Amino acid sequence: MKKKRLFWQLYPSFLIIILISVAAVIWYASNSLQQFLLSRTAAVLEERALILEKDVAGYFSPVDTKAVDSVCKEIGSLSSARITVILPSGRVIGDSQENPGIMENHLNRPEVKNALANITGISIRYSKTLHKKMMYVAIPVKKNSRIIAVLRTSVPITSLDKELQSIRVKIAFGGLIAALFAAGISFIFSRRMSRPLEKMKQGAEYFARGDLTKKLNISGSEEMEGLAKAMNLMAAQLNDRINIVIRQRNELEAVFSSMIEGVIALDSKEQVLGVNQAAAKMFKIDSDKSRGRSIYEVIRNSELHRFVKKALSDEKPEHDDIVIEHHDEQIVHTYSTPIFDAQKNSIGILLVLNDVTRLRRLENMRRDFVANVSHEIKTPLTAIKGFVETLIHNPFDDLNEVRRFLNIIEKHVNRLHAIIEDLLNLSRLEQENDNNVIKLEKKQINSVLEMAVSLCRERAEKKNIHIELSCAKEVTAKIDSTLLEQAVVNLIDNAVKYSNTDSTIHIEAFPTDAEIIISVKDQGIGIAKEHVGRLFERFYRVDKSRSRELGGTGLGLAIVKHIVNVHKGHVTVKSVPGKGSAFMICLPIY
Ligand code: ADP
């Protein structure tokens with residue numbers, strides 16, 4: 001039901017009160033007036049009757065009815081009142097307006113009865129004789145204390161009624177004017193009472209809409225002013241608190257969104273309370289749209305779903321790795337902690353996600369590396385052990401056989417030495433790079449290449465491989481000449497190893513727009529496409545036994561890649577199986 005405004009509650013109430021009051025006053029006033037007029041008329045009639053009593057009593061010794069009647073008629077003609085004389089028997093013997101002979105017995109008239117009982121009788125009723133409403137006043141006429149007759153005076157009260165009616169109309173008119181006046185005043189009062197409340201309501205609506213800077217300016221009663229002040233104070237305090245909350249929320253959001261770790265807050269019904277930018281980026285979701293929705297709907301990752309279920313049911317911190325599959329696999333270490341409200345009730349969980357993809361890859365690489373190293377070392381060691389044991393337990397007479405065994409042992413020892421040498425080289429490189437001790441200087445590339453070629457020439461000549469070097473003297477780059485020399489030696493060494501006899505290796509160095517290219521091109525066995533991507537991994541070899549046979553460690557190209565990285569360059573391969581390979585070291589131009 002629609003509530004009425006305060007004004008429309010107050011004003012009609014005032015009007016009703018006014019109308020009831022005015023009606024009551026009119027009713028009371030007109031009644032009092034009527035009583036007054038009637039009692040005055042009765043008093044006048046009684047007075048007249050008392051004046052006449054003596055005259056009438058004179059005609060009662062003996063009773064002279066005619067004289068009584070004529071006295072009545074005579075005096076009656078002089079006054080407006082009707083005069084009637086009635087015997088105690090009820091017979092009318094004189095009347096100023098009628099022939100008593102035809103008048104009925106009046107004994108049953110109430111005023112007559114009272115008069116006969118020695119009381120002044122007053123009665124108002126309709127006269128059948130005169131066909132008017134009359135007031136009758138009857139007094140006893142006494143002789144020697146004996147009631148000998150009843151003298152009754154009466155007047156029609158129709159005129160009195162009319163008079164009373166006109167006075168009533170005047171009173172009602174006055175009352176109406178007073179009521180209108182009161183209605184006007186009560187209208188003003190109602191407005192004055194309801195207006196501050198209306199203003200208060202408007203102010204409260206402003207506050208409710210969030211405009212807490214609005215000030216209520218209400219004048220009126222002390223209570224209203226006090227209430228307005230209290231509301232203003234409340235709004236100001238609320239505004240301050242809201243500002244503090246907003247500031248804190250903004251600070252929290254800033255912290256939240258600038259965190260590198262992904263953060264997801266969930267309520268106990270698995271609905272998202274908040275997702276920071278890092279987490280949104282990890283799962284490729286919109287953080288704003290995810291709020292209030294189920295985590296299962298927002299993030300489609302079964303590992304995360306399982307983790308959330310466990311974390312919510314356990315109500316204790318959990319952690320686990322979760323794999324996110326987009327185009328690249330991403331490993332996220334996820335921690336969960338329960339969230340509690342002020343009453344220490346668990347209301348959800350907070351997930352903190354750390355991208356550990358690189359870390360896990362490094363761990364894997366390290367693990368693989370250790371396994372590879374162990375494997376690589378184990379093979380020659382097992383061989384050495386076997387041959388040494390054979391030599392110890394089976395003393396050979398044939399020295400040639402012993403020499404053959406020792407040669408094999410030497411080969412494996414050399415291999416071990418080569419592996420350890422390469423590993424040491426790699427770790428030294430890593431260490432020097434980490435400690436920033438590698439200093440790059442602008443130097444001629446030609447001299448580096450010449451030195452590398454001279455180091456490999458002997459091995460090449462053994463296979464009748466011709467090395468051609470083509471590099472202009474002015475080609476320079478910022479390099480560590482020892483390291484670059486080692487990289488080029490490794491490439492030439494491979495070119496020699498994986499080339500057939502009687503072939504040529506072309507070594508070139510030339511500048512392009514953006515880089516200096518050092519290319520080592522052979523006419524060897526080449527490399528199949530599927531191996532090209534993994535060639536620079538440690539211990540990766542296309543043909544293990546062939547590499548071992550040729551004295552390879554599987555670390556040569558890994559060292560090349562590392563050295564080139566130290567020079568902020570990159571290394572690429574172009575190869576056609578059966579035709580040859582070209583390895584290119586690209587160094588930046590400074
Ligand atoms: P390795 O000591 O076995 O030569 P590297 O790291 O130097 O190890 O090379 C890795 C692998 O790459 C080799 O085992 C070989 O299969 C291949 N490779 C390297 N250089 C060449 C090349 N010039 N021609 C053909 N294959 C090559």
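None of the values given here were measured: they were computed from a predicted structure. Remember, it's 1-based here, ligands and their atoms both numbered in the order they're listed. All residue numbers in this chain count up from 1 along the given sequence.
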Item to check | Under 3.5 Å side-chain donor-acceptor pair for Asn372 and Ser374 | outcome: no
Checklist entry - For residues Thr501 and Asn464, is any side-chain donor paired with an opposing acceptor at under 3.5 Å? => result no
Next on the checklist: Check the orientation of His305 and Tyr296. Use parallel for under 30°, tilted for 30 to 60°, and perpendicular for over 60°.
Outcome noted: perpendicular
Checklist entry - Which atoms of ligand 1 sit under 4.0 Å from any heavy atom of Tyr540? => result 10 (C), 11 (C)
Item to check | Geometric cation-pi criterion Arg209 and Tyr206, 6.0 Å radius, 45° cone | outcome: yes
Item to check | For Ser547, atoms of ligand 1 separated by under 4.0 Å from a heavy atom | outcome: 1 (P), 3 (O), 14 (O)
Checklist entry - Do any nitrogen or oxygen atoms of Asn494 come within less than 3.5 Å of a nitrogen or oxygen of ligand 1? => result yes
Next on the checklist: The criterion is salt bridge (Lys or Arg N to Asp or Glu O under 4.0 Å); which residues satisfy it with Glu198, sequence neighbours excluded?
Outcome noted: Arg5
Item to check | Side-chain donor-acceptor pair present, Asn364, Arg367, cut-off under 3.5 Å | outcome: yes
Checklist entry - In terms of residue, atom name and distance, what is the protein heavy atom nearest to atom 27 (C) of ligand 1? => result Tyr498 CD1, 3.5 Å
Checklist entry - Does ligand 1 have a heavy atom under 4.0 Å from the side chain of Leu491, from its backbone, from both, or from neither? => result neither
Next on the checklist: I need the Tyr335 OH to Phe307 CZ distance, nearest 0.5 Å.
Outcome noted: 10.0 Å
Item to check | Subset of ligand 1 atoms that lie under 4.0 Å from at least one heavy atom of Leu535 | outcome: 12 (O), 17 (C)
Item to check | Those atoms of ligand 1 less than 4.0 Å from some heavy atom in Lys497 | outcome: 1 (P), 2 (O), 4 (O)
Checklist entry - Is the closest heavy-atom distance from Gly554 to ligand 1 below 4.0 Å? => result yes
Checklist entry - Do Asp288 and Ser290 have side-chain atoms, one donor and one acceptor, less than 3.5 Å apart? => result no
Checklist entry - In terms of atom number and element, which parts of ligand 1 are under 4.0 angstrom from non-hydrogen atoms of Val542? => result 14 (O), 16 (O)
Item to check | Minimum-distance protein heavy atom relative to atom 6 (O) of ligand 1 | outcome: Leu557 N, 2.8 Å
Item to check | Polar contact flag, side-chain donor to acceptor under 3.5 angstrom, Asp321-His333 | outcome: yes
Checklist entry - Does Arg541 reach ligand 1 with a nitrogen or oxygen that is under 3.5 Å from one of the ligand's nitrogen or oxygen atoms? => result no
Next on the checklist: Quick check on Phe536 - does any of its heavy atoms sit under 4.0 Å from an atom of ligand 1?
Outcome noted: no
Next on the checklist: If we count only N and O atoms by modelled type, under 3.5 Å, do the side chains of Arg247 and Asn250 hold a donor and an acceptor together?
Outcome noted: no
Checklist outcome for this item: atom 26 (N) of ligand 1: closest protein heavy atom, distance to 0.1 Å, is Ile527 CG1, 3.4 Å
Checklist entry - Looking at ligand 1, does any of its N/O atoms fall within less than 3.5 Å of an N/O of Phe583? => result no
Checklist entry - In terms of residue, atom name and distance, what is the protein heavy atom nearest to atom 23 (N) of ligand 1? => result Asp522 OD2, 2.8 Å
Item to check | Under 3.5 Å: N/O of Gly556 near N/O of ligand 1 | outcome: yes
